[in-house]
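Below: one structure, written as structure tokens.
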Amino acid sequence: MTVIDPETQAGWVAEATAEAEEEAEEMPLSLRLSIADTLTLGNATCGFMAVYFTTTGILIPHLEGSQESGMARHSAATAVILMLLAAIFDLFDGLVARKLRSSPMGAELDNLSDLISFGLAPAYFVLVYGMVTADAVEQVSALAAIVVLLAVVLRLARFSCVTMKDGMFQGMPSPFGALTIVSIVLLELPFVPTLLAIIGTAWLMVSRVEYPKPRGILAVAMLGWIVSAMGLLAAWAFDAPNGQLLLQTGCALQVVLGAVIPLFATARRVNTFRDNRREARAAQLP
């Protein structure tokens, strides 16, 4: 029979408790979620659910030979709305992180969530488009989907490594790129123009073209645009009068914005370069 000294046992318990308290004080610094991290996880959840609705509402009914186009329309609208919600979460988690605080893993969570919502979800949307559309080539669509996914992977990796001047992104931001890609698909253009536009958008995401960060008035404008896009998708899903025309108008505007914003950025860089040269010449004059 083993006899344990109560005082010794109490000492062990006190020491174990102290060690547990020390570990509890150290580990949560890297494991505790902030409010911004919770918003980021909402971003990832929306991206995953977009894949779910694309599969269950569009792909599976097509493979089963279903002729109910309404279900596919509702599911497509739901999937895109979820991507838009993910963009809202992505917009606000950065704002909240700057105003309050973010955990040490906030940046990693943001990149992983963006990869799901703005890489996997739109790439999968393109893949399913190639499988369910009559004039599309499935293998080529799969290749385009891979290009989209890899473009987002490279863009996010570069974002973590390259330091840009304040207020600017290098390359089209992945949320904006994802929304542009699904807009191209929803325009229901012929296959070749759709494919070229998708690849062009993927190139813009990995290009060195500068895009402004959504801050201040621009953030409010972007939020208003996302909410308006949700309304257009809902009108289209429920077959509202002129819903198809409204959706295609919104999609066309999204694509035009994706193409025009780089032109403004390029024009601004050219003007800045000219101003610098003019100032340098003025400084050299006696």
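Below, all heavy atoms of this structure are taken into account, side chains as well, without hydrogens, waters or symmetry copies.
Note on ring orientation: taking the six-membered ring where Trp is involved, the planes of Y211 and F176 are tilted (angle from 30° to 60°).
L84 and F53 fall within the same hydrophobic cluster, where Ile, Leu, Val, Met, Phe, Trp and Tyr residues are linked whenever their side-chain heavy atoms come under 4.5 Å apart, directly or through other members. Clustering ILVMFWY residues whenever any of their side-chain heavy atoms sit less than 4.5 angstrom apart, transitively, puts F169 in the very cluster that holds M205. Hydrophobic clustering keeps F118 apart from L112 (ILVMFWY residues linked when any side-chain heavy atoms are closer than 4.5 Å, directly or through intermediates). Taking hydrophobic clusters as Ile, Leu, Val, Met, Phe, Trp and Tyr residues chained together by side-chain heavy-atom distances below 4.5 Å, V209 shares a cluster with I199. One hydrophobic cluster, built from ILVMFWY side chains closer than 4.5 Å, cannot hold both V206 and V153; they sit in different ones.
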Decide side-chain contact (heavy atoms from CB on, under 4.5 Å) for D239 and R73; before the verdict, give the C-alpha distance in whole Å, the side-chain angles of both, and the deciding distance to 0.1 Å. CA-CA 9 Å; D239 202 18; R73 175 178 292 192; 3.4 Å; yes
Step by step, work out the side-chain contact (heavy atoms from CB on, under 4.5 Å) result for S141 and L127. CA-CA 6 Å; S141 299; L127 177 65; 5.6 Å; no
Taking it one step at a time, do N111 and F159 satisfy side-chain contact (heavy atoms from CB on, under 4.5 Å)? CA-CA 9 Å; N111 276 349; F159 176 76; 4.3 Å; yes
Could you walk me through whether F238 and H74 pass the ring-ring contact (aromatic ring centres under 6.0 Å, His included) test, one step at a time? CA-CA 7 Å; F238 291 100; H74 293 161; 5.5 Å; yes
Take L149 and Y124 through the side-chain contact (heavy atoms from CB on, under 4.5 Å) test and state the conclusion after the steps. CA-CA 9 Å; L149 180 63; Y124 187 70; over 6 Å; no
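No side-chain heavy atom of E188 sits less than 4.5 Å from a side-chain heavy atom of L247. Using a 4.5 Å cut-off on side-chain heavy atoms (C-beta onward), R158 and Q170 make contact. Taking the side chain as every heavy atom from C-beta outward, F89 and T45 never approach each other to under 4.5 Å. Counting heavy atoms from C-beta on, the side chains of F125 and I181 never come closer than 4.5 Å. Between I198 and V185 the shortest side-chain heavy-atom distance falls below 4.5 Å. Annotation: side chain of D90 is in contact with side chain of D114 (closest heavy-atom distance under 4.5 Å). Residues W236 and L186 have side chains in contact (heavy-atom distance under 4.5 Å, counting atoms from C-beta outward). Residues F48 and L82 fail the side-chain proximity criterion, which asks for heavy atoms closer than 4.5 Å.
For L63, the CG atom sits in a packed shell: over 12 heavy atoms of surrounding residues, nucleotides or ligands are nearer than 6.0 Å. Around OH of Y52, the count of heavy atoms belonging to other residues, nucleotides or ligands within 6.0 Å does not exceed 12.
The heavy-atom pair separating A144 from V126 by the smallest distance is CB-CG1, 4.3 Å. The two residues G258 and L204 come nearest to each other via the heavy atoms O-CD1, 3.8 Å. Between S183 and V255, the shortest heavy-atom distance links the atoms CB-CG2, 4.2 Å. For P122 against A178, the heavy-atom pair with the smallest separation is CG-CB, 3.7 Å. Heavy-atom minimum distance, L156 versus S174: CD2-OG, 4.0 Å. A50 and A121 get closest at one heavy-atom pair: CB-CB, 4.3 Å.
One distance of note links OG1 of T201 with CG of L196; it measures 10.5 Å at 0.5 Å rounding. In this structure, M49 CE and T54 OG1 are separated by 10.5 Å, a value rounded to the nearest 0.5 Å. Here CG of L189 is found 10.5 Å from CG of D135. Values are rounded to the nearest 0.5 Å. Taken to the nearest 0.5 Å, the SG atom of C46 stands 11.0 Å off from the CG atom of L41. Note: L115 CG to L120 CG = 7.0 Å, rounded to the nearest 0.5 Å. In this structure, OG1 in T78 is found 9.0 Å from CD1 in I58, a value given to the nearest 0.5 Å.
One N or O on the side chain of S113 and one on the backbone of T40 form a donor-acceptor pair closer than 3.5 Å. Looking at R155, its side chain does come within 3.5 Å of a backbone N or O of M172 through a donor-acceptor pair.
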N/O donor to acceptor pairs below 3.5 angstrom from side-chain atoms of residues 222-235, sequence neighbours left out:
from: W225; atom 1: NE1; to: Q254; atom 2: OE1; distance (Å): 2.7
from: S228; atom 1: OG; to: G224; atom 2: O; distance (Å): 2.8

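Between the side chains of N43 and D93, no donor N or O sits under 3.5 Å from an acceptor N or O.
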